[in-house]
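Written out below as structure tokens is the structure these notes cover.
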Amino acid sequence: MEDWKIYFQQGKDQNSCENYEQAVKLLEAALEGCPDSDSSIAGNIIFEIGRSFFGLGMRGIAVKNMIAAVKMGIEEPHTKNMLNCLLNEYGMPAKSDKKLDDEAAFTAIHVMRYLYTKKSGRFGTLAERDMIFELVSDAWKDCCDRNDFSELNTREKIAKFREFVIFFPSLTVPDLTENKPENIRYVDFGNDLCACGSGLPYMWCCGRIKSIDELKNGLF
């Protein structure tokens, strides 16, 4: 048996035993050795990597991998049901109530907006990251004081979140900053299937708002 197939089986076994860190290492080795990185077989490996990250508590990165696997053509019958349980209306890992979902979406939108001003797309220091999150948290409270989101649909809420202006400070950290446009597509969506052909709703696919753990790791 080829090495990558052995790693794949071992990775699945480690997931079953809840040894998620070891599973990630084995599954990433399997993916690297897989002869066709665009095949449904590779998609199955990526889905298992998503399971590993979910077990590690990195739910956003887990969802990112699971959705990537679906777009690559995996057809396990439980996959979309699993995503339906995991995701909220923004395509982010669901919180315990809608207000927390709204706050997570607002936070992600503005953290991404800040990171798009940086060449690296990452925070330069932990102090910088903590300051930006604190600033966005204060802005969310202000946004809630000014708006009632209870009767708005997803598109209307996202529009309100984007309209809110946060003046981020100029920072001198170990990373150069520059002014450049956000690489974000502003489109109408609703519950329509994504135009990319994945078979997923737009807000679970190309319109998905990246989760906080993805942004902290520069994954966008």
Side-chain angles (χ1 to χ4, degrees), residues 15 20 24 27 31 37-113 115-116 121 140 149-163 182-220:
N15 266 344
Y20 300 116
V24 169
L27 292 165
L31 184 62
S37 60
D38 294 324
S39 68
S40 60
I41 297 174
N44 278 291
I45 299 173
I46 290 171
F47 189 83
E48 282 293 324
I49 292 173
R51 288 184 58 200
S52 302
F53 280 119
F54 190 81
L56 290 169
M58 303 173 73
R59 298 179 68 196
I61 298 175
V63 165
K64 174 179 179 287
N65 280 275
M66 290 175 179
I67 290 175
V70 172
K71 293 174 76 170
M72 292 174 69
I74 70 164
E75 298 179 351
E76 295 185 41
H78 66 278
T79 302
K80 289 186 181 179
N81 288 334
M82 183 181 294
L83 290 174
N84 193 48
C85 293
L86 290 176
L87 299 179
N88 61 26
E89 61 188 298
Y90 302 105
M92 304 173 74
K95 303 286 187 181
S96 56
D97 65 58
K98 280 189 171 294
K99 188 166 184 180
L100 292 175
D101 286 336
D102 292 342
E103 181 178 5
F106 177 91
T107 301
I109 285 169
H110 287 283
V111 170
M112 182 178 285
R113 181 170 284 170
L115 291 177
Y116 267 125
W140 169 245
F149 300 116
S150 60
E151 301 300 322
L152 302 183
N153 62 33
T154 308
R155 180 180 64 179
E156 291 167 336
K157 286 190 285 188
I158 290 176
K160 288 285 187 183
F161 298 163
R162 294 197 193 283
E163 287 172 3
E182 296 175 79
N183 185 26
I184 300 173
R185 286 174 287 180
Y186 296 88
V187 299
D188 201 318
F189 45 84
N191 294 318
D192 295 338
L193 295 181
C194 190
C196 77
S198 66
L200 294 170
Y202 174 74
M203 283 306 298
W204 284 11
C205 194
C206 295
R208 184 175 70 91
I209 295 177
K210 305 301 184 290
S211 62
I212 299 304
D213 52 334
E214 290 176 81
L215 298 178
K216 285 180 178 177
N217 287 277
L219 298 173
F220 60 92

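- In terms of the side-chain hydrogen bond (donor to acceptor under 3.5 Å, both in side chains) criterion, residue partners of Ser150 (sequence neighbours excluded) are, by chain and number, Asp148.
- Residues forming a side chain to side chain contact (heavy atoms under 4.5 Å, CB included) with Asn84 (at least two apart in sequence, or on another chain): Trp204.
- Counting all heavy atoms, side chain and backbone alike, Gly91 lies closest to Val63 at O-CG1, 4.3 Å.
- Judged purely by atom type and a 3.5 angstrom limit, Glu156 uses its side chain to pair as donor or acceptor with the backbone of Asn153.
- Legend: residues meeting side-chain hydrogen bond (donor to acceptor under 3.5 Å, both in side chains) with Ser52, ordered by chain and number and at least two apart, are Asn15.
- Residues forming a side chain to side chain contact (heavy atoms under 4.5 Å, CB included) with Ala69 (at least two apart in sequence, or on another chain): Ile46, Phe47, Ile74.
- Taking Lys98 as the reference, Glu89 meet the side chain to side chain contact (heavy atoms under 4.5 Å, CB included) condition, with sequence neighbours excluded.
- The two residues Ile209 and Ala108 make their nearest non-hydrogen contact at CG2-CB, 3.7 Å.
- Between Cys206 and Lys71, the shortest heavy-atom distance links the atoms SG-NZ, 3.9 Å.
- For Ile41, the side chain to side chain contact (heavy atoms under 4.5 Å, CB included) criterion is met by Trp4, Cys34, Ser39, not counting sequence neighbours.
- Between Leu215 and Ser211, every side-chain heavy-atom pair lies at or beyond the 4.5 Å cut-off.
- Ring centroids of Phe149 and Phe106 are separated by 6.0 Å or more, keeping the two rings apart.
- Among residues at least two apart or in separate chains, there is no ring-ring contact (aromatic ring centres under 6.0 Å, His included) pair with a member in residues 55-74.
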Inset, instruction - Report the C-alpha separation of Glu48 and Asn65 in whole Å, then their side-chain angles, then the decisive distance to 0.1 Å, and conclude whether the side chain to side chain contact (heavy atoms under 4.5 Å, CB included) test is met. - result: CA-CA 8 Å; Glu48 282 293 324; Asn65 280 275; over 6 Å; no
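- Under the 4.5 Å side-chain criterion, counting only non-hydrogen atoms from C-beta, Asp102 is not in contact with Lys95.
- The minimum heavy-atom distance between Ala105 and Phe161, with the atom names listed, is CB-CE1, 4.0 Å.
- Remark: Tyr90 pairs with no residue by the ring-ring contact (aromatic ring centres under 6.0 Å, His included) rule, at least two apart or across chains.
- Partner of Glu214 under the side-chain contact (heavy atoms from CB on, under 4.5 Å) criterion, out of Arg208, Met92, Met58: Arg208 alone.
- When the salt bridge (charged side-chain N to carboxylate O under 4.0 Å, His left out) test is applied to Arg59, no partner is found at least two apart in sequence or on another chain.
- The nearest pair of heavy atoms linking Asp213 to Ile61 is OD2-N, 3.3 Å.
- In this view, Phe54 satisfies the ring-ring contact (aromatic ring centres under 6.0 Å, His included) rule with no residue, not counting sequence neighbours.
- Here the closest non-hydrogen pair linking Cys205 and Leu200 is CB-CB, 4.2 Å.
- Interatomic distance, CZ of Arg51 versus CG of Leu56, reported as 12.5 Å (0.5 Å rounding).
- In this structure, the separation between CD1 on Ile109 and CZ on Arg162 is 4.5 Å, given to the nearest 0.5 Å.
- Looking only at side-chain heavy atoms (C-beta outward), Leu27 and Leu31 stay at 4.5 Å or farther from each other.
- Distance check: Leu100 CG to Asn88 CG gives 10.5 Å after rounding to the nearest 0.5 Å.
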